[in-house]
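Quick caveat: nothing in here was measured; it's all calculated off a predicted structure.
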Amino acid sequence: MNGTTATPEPAGTPAPAPQAAPDASASVRAASPKTVLVTGATGYIGGRLVPRLLEAGHKVKVVVRTPAKIAGVPWLEQVEVIQGSLDDGDVLRSALDGVEVLFYLVHSMAAGAGFEAKEKAMAETAAKAASDAGVGRIVYLGGLHPEGAELSTHMRSREAVGKVFLAGPVDAVVFQAGVVIGSGSASFEMIRHLSETLPLMPAPSWVRNRIEAIAVRDVLYYLVGAASLEGPINRTFDIGCRQVLSYAGMMKEYAAEAGLPHRVVLALPIPAPKLAGMWVALTTPIPLSMSLPLVESLQHDAVSREHDIDAYIPVPEGGLTPYRRAVSLALGKERDAQVETTWANAGADADPLPSDPEWAGHRVFLDERSYSSPADPKHVWTIIEGIGGRNGWYSLPLAWRVRGWLDKLTGGAGLLRGRRHPHLLAEGEVVDWWRAERIDRGRLLRLRAEMRAPGRAWLELSVEPEGNGSRYRQRAIFFPKGLSGRLYWLAVLPFHRVIFPAMSHNITAAAQKLEEAESESAGPST
């Protein structure tokens with residue numbers, strides 16, 4: 001630390017050397033495999049936990065509101081999928097039939113009146129259903145927080161949910177974790193984008209708070225281990241990497257690991273959680289609805305008070321993952337396109353596009369384009385499936401960026417969310433401000449807009465064989481909401497007349513270049 005920073009870094013436990021540290025998220029096969037039910041399987045943690053439970057030998061059920069959200073996961077055929085909502089006790093009791101361990105990994109980032117009461121009521125429903133079904137243990141992942149502090153709404157809600165399970169008739173293991181570092185996690189994306197935005201960063205006073213992060217692989221290690229614990233336990237366990245930094249320190253350590261110049265963070269003598277939440281929403285992929293609760297959760301120190309978990313689940317072979325090593329692993333996963341789950345792909349449900357041709361009585365505006373290409377349909381599909389993120393939208397990048405910033409300013413998703421994989425896409429995954437609603441592999445991609453607009457919008461890209469080449473089709477669909485929706489369409493129509501023709505032309509041109517490049521690399525046939 002130098003004299004330009006506000007305070008010296010809090011001392012932390014020296015980080016163990018990362019050399020030869022094995023993947024702590026790898027599951028050790030359970031001595032006695034169990035039948036488990038995972039809620040939140042469409043979320044960031046749940047989507048990673050399921051394959052590790054399977055690897056450990058457990059039989060896994062998942063309960064999801066929308067099964068289409070897990071249609072593309074590689075473990076789908078290995079689990080039993082139950083469709084239903086967690087506030088439906090009958091569905092939960094049926095899903096819990098024969099289940100020994102319930103993983104409750106659900107926590108909404110919504111807000112508004114009644115939020116805490118709803119979260120608590122859902123937990124009470126789950127606790128009663130688990131008791132009625134004879135479940136042996138509930139495992140819950142809550143937040144790390146100091147005792148006696150006035151917590152934010154979301155941290156208070158997570159604490160309340162944990163207390164519901166601990167007070168219930170079923171044995172409960174409640175893990176309390178702080179900032180989770182892993183590729184695609186909201187906390188990591190927040191640190192990453194804040195660190196990369198400005199070399200000199202004025203920040204609220206909470207950046208000096210003491211934080212104990214934890215690598216997502218270690219969170220998963222503890223969750224898998226909890227399934228095999230024997231005997232009554234019923235208590236909380238603080239989990240972390242045993243290394244304490246300030247939030248400013250985490251940003252500086254990220255910058256060092258990412259090869260960025262030294263970052264100077266100036267802690268101002270004001271907490272300003274709402275202002276900071278708005279700044280985070282503007283400079284990171286995190287929307288305002290999520291950035292506010294994330295920032296509010298950082299208003300207090302988040303450091304483990306005890307390490308009692310060591311007596312129940314030994315630390316992973318090679319030790320817990322130090323913060324900087326967790327950053328390195330996350331960056332490597334993103335660089336190698338091996339991101340398993342992301343915070344963005346756990347988005348809210350939305351109504352699908354009504355079927356053609358009647359549009360279910362909706363007033364609809366269309367922009368349709370069609371382009372003939374000499375490229376093989378498979379190459380056109382490769383470009384279609386890889387659209388967005390770092391690959392862009394093949395027309396007027398500045399116009400897309402401006403629209404993205406306008407969306408962020410109004411609390412929308414913007415363009416910063418990117419995509420999980422640069423070339424492969426599954427239904428339910430995020431592509432910038434869109435979400436993949438339907439994929440007919442090799443033929444059609446339908447994206448549903450999650451930007452702020454007075455209406456509902458979709459973008460369909462499709463390809464079909466035509467002679468020795470292909471026919472590319474593109475369709476923008478908008479269902480306006482009232483007069484404001486109609487005026488909105490008229491306002492953007494001049495831009496559409498420039499953007500969409502260029503987009504169709506450039507996509508087919510990119511497909512043709514791809515085909516030519518593959519032909520050249522293959523060399524002359526013999």
Side-chain angles (χ1 to χ4, degrees), residues 25 27 30 33-88 91-110 119 122-123 125-127 129-130 133 135 137-142 158 161 165 173 175 177 180 182-186 216-217 219-227 339-350 420-421 425-430 435-436:
S25 68
S27 305
K34 293 180 169 59
T35 300
V36 305
L37 176 71
V38 177
T39 66
T42 60
Y44 179 75
I45 295 293
R48 296 185 180 214
L49 177 63
V50 169
R52 286 159 178 80
L53 289 169
L54 291 167
E55 183 185 348
H58 299 294
K59 178 182 177 182
V60 181
K61 298 181 178 182
V62 299
V63 58
V64 293
R65 180 174 296 175
T66 309
K69 281 191 173 185
I70 57 172
V73 298
W75 43 261
L76 181 62
E77 300 302 320
Q78 298 174 260
V79 304
E80 180 182 346
V81 180
I82 298 100
Q83 182 174 8
S85 173
L86 294 185
D87 54 12
D88 188 330
V91 168
L92 269 178
R93 275 186 289 275
S94 176
L96 288 166
D97 183 36
V99 167
E100 298 163 89
V101 180
L102 165 63
F103 286 91
Y104 193 87
L105 302 175
V106 176
H107 178 70
S108 172
M109 296 304 285
E119 293 278 296
M122 285 176 59
T125 299
V135 172
R137 172 170 294 128
I138 297 173
V139 181
Y140 174 65
L141 180 61
R158 296 178 76 175
V161 168
F165 293 138
V173 171
F175 290 117
V180 176
S183 57
S185 80
V216 65
R217 56 170 48 194
V219 173
L220 296 169
Y221 172 82
Y222 284 125
L223 288 171
V224 172
V339 180
E340 294 180 62
T341 60
T342 71
W343 66 268
N345 286 337
D349 296 331
R420 182 186 64 85
H421 192 283
L425 192 61
E427 287 187 5
E429 288 191 343
V430 157
R435 190 175 296 271

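With respect to the salt-bridge test (charged N to carboxylate O, under 4.0 angstrom), the residues Lys69 and Glu429 do not qualify.
Contact annotation: the side chain of Arg137 approaches that of Val173 to within less than 4.5 Å [non-hydrogen atoms, C-beta and beyond]. Lys61 places a side-chain heavy atom less than 4.5 Å from the side chain of Ile82. Using a 4.5 Å heavy-atom cutoff, the side chains of Leu92 and Leu86 are in contact.
The side-chain hydrogen bond (donor to acceptor under 3.5 Å, both in side chains) test applied to Ser183 returns Arg48, not counting sequence neighbours. Under the side-chain hydrogen bond (donor to acceptor under 3.5 Å, both in side chains) criterion, Ser85 pairs with Arg65, Asp87, sequence neighbours left out.
Counting only distance, with no hydrogens or angles, the side chain of Thr341 and the backbone of Tyr44 share a donor-acceptor pair below 3.5 Å. In this structure, the side chain of His58 engages the main chain of Lys34 through a donor-acceptor pair within 3.5 Å. A donor-acceptor pair is defined here as one N or O able to donate and one able to accept, closer than 3.5 Å; no such pair exists between the side chain of Ser94 and the backbone of Val91.
Of all non-hydrogen atoms in Gly40 and Val106, the two that sit nearest each other are N-CG2, 3.7 Å. Nearest heavy-atom pair across Ala95 and Val99 is O-CG2, 3.6 Å. When all heavy atoms are compared, the tightest approach of Leu141 to Ala177 is CD1-CB, 4.1 Å. Heavy-atom minimum distance, Ala436 versus Ala426: CB-O, 3.6 Å. Smallest separation of non-hydrogen atoms from Val63 and Gly84: CG2-O, 3.9 Å.
The distance from the CZ atom of Arg52 to the CZ atom of Arg217 is 9.0 Å, given to the nearest 0.5 Å. Summarising the geometry, atom CG belonging to Asp97 is positioned 11.0 Å from atom CG belonging to Leu37; distances are rounded to the nearest 0.5 Å. We find the OG1-CD1 distance between Thr39 and Ile138 to be 10.0 Å, quoted to the nearest 0.5 Å. Atom CD1 of Ile45 is separated from atom NE2 of His107 by 13.0 Å, given to the nearest 0.5 angstrom. One distance of note links CZ of Phe175 with CG of Leu105; it measures 10.5 Å at 0.5 Å rounding.
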request  = Tell me, with the steps shown, if Lys59 and Glu100 meet salt bridge (charged side-chain N to carboxylate O under 4.0 Å, His left out).
outcome  = CA-CA 10 Å; Lys59 178 182 177 182; Glu100 298 163 89; over 6 Å; no
Residue pair Leu96, Leu102: steps toward the side chain to side chain contact (heavy atoms under 4.5 Å, CB included) verdict = CA-CA 8 Å; Leu96 288 166; Leu102 165 63; 4.1 Å; yes
Listed pairs under 3.5 Å, donor-acceptor, residues 70-81 side chains, sequence neighbours left out:
none

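Between Tyr104 and Phe165, the two ring planes are perpendicular [angle over 60°; tilted spans 30° to 60°].
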